[in-house]
Amino acid sequence: MRGRWLGTLALLIGTAAGAADLTLNITDQRGKPVGDAVVTVLPHDEVGKAAAPPRPAAGSKTINQVSLTFVPYIEIFRPGDRVVFQNSDETRHHVYSFSPVKAFEFMLGPGESSQPLELEKQGVVAVGCNIHDSMVTYLYVSDAPWVLVSSADGKAAIRGLPAGNYTVRVWQPRLRPGKPDLAQSAVLVSGAERKSLTFALNLLPDSRRQFDREQTQY
Amino acid sequence: MRFRFRLASFLVAALVTVQVLTAVLVYSVTRHELIDEGKRQLGVAATAFDRQLDDISARVAASVQVLSLDFALRSAIAQRDQATVQSALRNHGQRVGAERMQLIATNGRIEADTLVTPAAAAMFAYPDLLDRAFEKPAAVVVAWQDKAYWVVAVPVFAPDLVGVIAAMIPMDDRLLIRLQDQSVLPKTIELVGSVPDKGQAWKVLANGSDHVSLTENLTAAGGQLPTEARLVVVDGREYLAQAVWLNRSRTSPDVAAVLAYSVDEALQPYRSVGMAWAGLLSFGLVAGVLGAFLIARQVSRPVEQLAASARRIEAGDYGEPPTLASGDEIGALASAFTSMTRAIREREAHILFQAGHDQVTGLANRVAAETAIHRERAMHPQQPAALLMIGLRRVPEIVKTMGHAVSDRLMHDAGERLQRVIGEGQLARATDTEFSVFLPGQGKAEAIASAFRMIDALSVPYQEADLTLDIAPAVGIALAPEHGSEANVLLRRAGVALIASLDSEEAIVVYDPATDPHRPERLSLMSELREALDRSELELHYQPKLNLANGLIDGAEGLVRWHHARLGNVPPDSFIALAEETGNIRRLTRWAIATGIAQAQRWNGGARSIRVSINVSARDLDDADLPRRIAELLTIHRVAPQHILLEVTESAVMDKPDAAIQILRRLAEQGIDLAIDDFGVGQSSFAYLRQLPICELKIDKIFIQRIADAPADRTIVRSIVELAHHLGYRVTAEGVDNRETLDYLISIGCDHAQGYLIAKALQHDAFERMLAGGDWAGMHRRVGT
């Protein structure tokens with residue numbers, strides 16, 4: 001897991017047991033809204049843990065390769081989920097991952113699908129195509145009770161969050177490497193609060209769009 | 001020469017100045033332009049250098065990037081397969097010429113290093129490069145271990161950033177030289193790295209092809225590396241230097257490249273121009289000097305010639321000056337000069353002619369005649385020659401009567417006539433009224449013959465209009481070498497002869513030195529006379545006066561005799577007349593009177609009685625003091641007045657009759673007897689004679705000496721004696737030479753006789769002896785019986 005900043009915000013415990021709404025605003029270092037940011041909310045105390053929504057059963061998600069692009073860019077998994085790679089393009093794709101969470105490598109011909117791959121560990125798996133350098137997708141495996149992905153406008157909302165002490169973590173694929181995960185701990189949510197949190201992320205340029213790595217644009 | 005030199009030096013100086021100034025100007029402008037150009041080029045070179053480095057970086061980055069895309073390497077990196085990674089890096093490093101390849105993790109730790117085994121937690125030395133490399137390949141230039149390196153960092157994606165590969169390529173001399181060969185980089189490049197902790201000190205990391213210690217000089221004394229082109233002198237040579245700071249890492253010392261152009265090299269091509277210029281200047285100088293000399297010569301040579309001509313003219317040489325053919329101002333000057341010379345020559349000839357010739361007659365003048373005579377005598381000193389002076393008696397009167405115009409024309413006519421008969425002689429107009437004719441080679445006879453010819457030529461009267469004028473010539477002849485050898489002497493003596501001719505009625509007179517009263521010795525004689533008076537060289541000699549009645553000597557005429565030490569006896573004729581002319585006669589007379597009176601005192605005491613006669617001149621009769629002085633002398637010597645007699649000539653009295661009469665009267669009043677000397681030959685005026693208080697007449701010897709021969713003279717003498725006796729005067733006859741004369745005188749009753757028959761003038765002792773001897777008594781007795 002990578003992240004950069006660690007922040008602490010005291011949350012007043014509400015009076016009544018109600019569900020709070022936690023809205024997150026995620027922007028980059030220039031203030032622009034950041035999509036594809038994964039937000040995990042981890043309760044600190046037992047109350048929170050107890051109030052966590054039940055975990056669904058292990059399922060399987062498909063990562064499609066369309067128009068030389070992995071779709072979706074980010075997928076959230078729980079440990080035990082399985083992932084299937086489907087090649088909907090007309091070229092081959094040499095899908096690989098060197099991530100210690102899950103390392104795999106296989107060639108998919110056009111229209112082929114891979115075998116389901118079980119994701120046991122938590123972490124982020126960066127998957128790329130050896131043939132097409134701009135193709136990348138991230139499998140975010142986490143068993144946190146609440147895991148969301150921010151939308152293109154940089155917002156992520158959690159409803160019905162019971163009051164309690166939480167750690168809110170934000171991760172984005174383009175975070176500058178070598179820095180810890182961006183997290184805010186000790187977020188106290190009171191009863192029927194509409195809480196808003198802002199995260200400013202220091203992001204690298206989008207590697208998919210910025211340049212063609214095969215060209216030496218020095 | 002000076003003018004030439006001045007012109008040449010001026011030309012040379014002007015030429016040199018202009019050339020030098022031009023050269024200096026051109027040099028400075030060229031240099032300035034060169035340096036400006038150099039600066040511009042340096043700026044361009046600096047930019048080019050930067051770009052070249054960028055190009056090399058890009059090539060290296062491209063190559064490393066290829067490596068970074070290799071799946072196997074990415075796999076090895078992601079799976080931490082160190083060995084594979086290391087070998088792959090080493091292999092590739094050789095390909096790109098990197099000395100060191102490193103793999104750096106995203107947290108900055110060195111995962112692999114081909115040169116140095118990384119320590120456990122060694123961090124990449126240039127983290128800021130790393131940050132930049134996360135996005136795209138980045139490169140910086142660093143200084144590490146005294147060398148300069150490119151560090152190219154390329155990110156490795158698998159598929160997201162898993163690390164950065166850093167390649168360190170050395171930037172050494174070889175690289176710089178290669179760069180210099182490939183492009184238009186300056187010959188002198190230095191890569192320098194700053195020395196940390198030493199301020200502005202820089203260490204040289206690499207050199208280009210030229211090893212010049214630029215940085216040392218640039219940063220000497222605390223100077224900074226020039227960001228803009230700057231002039232610096234290294235080892236005596238000038239360079240334009242500029243520093244380019246290379247892309248660097250914050251954690252590395254600064255690296256800069258110092259580029260420099262050699263100004264001297266840039267000026268090199270101009271050196272040959274300069275040499276050519278100098279050669280041209282020298283040539284121009286030489287040509288200029290030569291040209292100046294030649295031109296100046298054209299001016300100064302003619303000027304010098306003219307100056308030389310002027311000097312010649314000054315010296316009297318009127319020869320033709322050299323003709324100068326040039327048509328310019330010098331030529332004009334030269335021709336003016338020539339005309340001037342001619343004019344001067346003519347004028348001088350004219351003046352010379354005028355100086356040597358008489359304007360009226362056109363004949364030579366006295367000066368020219370003298371010159372001609374002198375020349376002839378010098379050439380033939382032994383040959384005889386005659387000089388005739390022809391004087392025209394009438395001319396002075398003609399001038400007074402008719403004026404100069406007529407006399408001039410007469411003289412002109414006379415000159416022409418003489419010219420016709422002169423033959424080989426040289427005719428000249430000696431004075432207003434005299435011609436001189438020099439006849440070389442003629443002796444006395446021939447001279448006289450020539451003189452007659454000339455007189456004949458002039459005998460015809462001069463006629464003009466209604467005038468007829470007699471010329472009446474007289475000729476005086478002086479002969480050379482008897483009468484002198486020098487021109488002026490001959491002229492003078494001829495003149496004296498002419499005067500003698502004019503005085504007498506003789507047409508021709510030859511100079512006779514005996515009768516020449518104008519001898520120069522006479523002039524000195526006067527001062528000698530004075531000395532003789534002072535020194536008593538003069539003596540009074542006494543000529544006895546015989547009393548014809550009683551046959552006794554009862555008187556003596558005192559006559560001055562001068563025995564000159566050198567000349568012997570100087571005849572009284574010589575000095576008495578001259579003494580009269582010069583006024584010395586008074587002293588002479590005074591002395592004579594004193595001496596005579598003294599003598600009279602001696603002879604008049606006792607039985608004897610001799611009356612001493614002293615001659616008195618006309619000048620003495622001017623002296624009002626004379627009677628008093630004589631009275632004093634008589635008193636001093638205790639002589640009675642009747643013992644002396646004063647003799648004056650007729651002409652002396654006639655000179656100033658009234659004054660003379662006064663003096664004579666006073667003398668007579670003192671009791672002194674007076675006699676008229678040389679009676680009969682002067683201006684006899686009986687009117688005055690009657691007024692004179694005289695007692696005696698002395699008949700001039702000219703009558704007495706002719707008594708023997710001429711009856712006419714006898715008659716005259718007899719008449720004079722009778723006349724004198726009737727007037728109450730005594731008579732003395734002078735110049736009695738012979739017995740018959742004496743007898744005749746006795747017969748006619750003359751009172752006294754004086755002459756050589758009796759005795760000549762004797763010294764006083766001889767006189768006394770004669771008195772004692774009584775010689776004359778025999779004569780008397782003879783007459784008496």
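This structure is a prediction, so every number in the text was calculated from the model and none was measured. Here is the naming used below: chain letters follow the sequence lines, and residue numbers restart at 1 for every chain.
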Hey, what's the ring geometry for F71(B) with F98(A), parallel, tilted or perpendicular (30° and 60° as the breaks)?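 Because their plane-to-plane angle lies in the 30° to 60° range, the rings of F71(B) and F98(A) count as tilted.
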Within 6.0 Å of [atom1] in [X], more than 12 heavy atoms from elsewhere:
| X | atom1 | answer |
| --- | --- | --- |
| E120(A) | CD | yes |
| R78(A) | CZ | yes |
| R95(B) | CZ | yes |
| Q82(B) | CD | yes |

If you compare all heavy atoms of A126(A) against all heavy atoms of P159(B), which two are closest, and at what distance to 0.1 Å?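 Smallest heavy-atom distance, with atoms named: O-CD, 3.6 Å.
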Rounded to the nearest 0.5 Å, what separation is found between the CG atom of N130(A) and the CG atom of D70(B)?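 Answer for the CG-CG pair, N130(A) versus D70(B), is 8.5 Å.
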Can you check side chain to side chain contact (heavy atoms under 4.5 Å, CB included) on V136(A) and F157(B), steps first, answer last? CA-CA 10 Å; V136(A) 66; F157(B) 294 93; over 6 Å; no
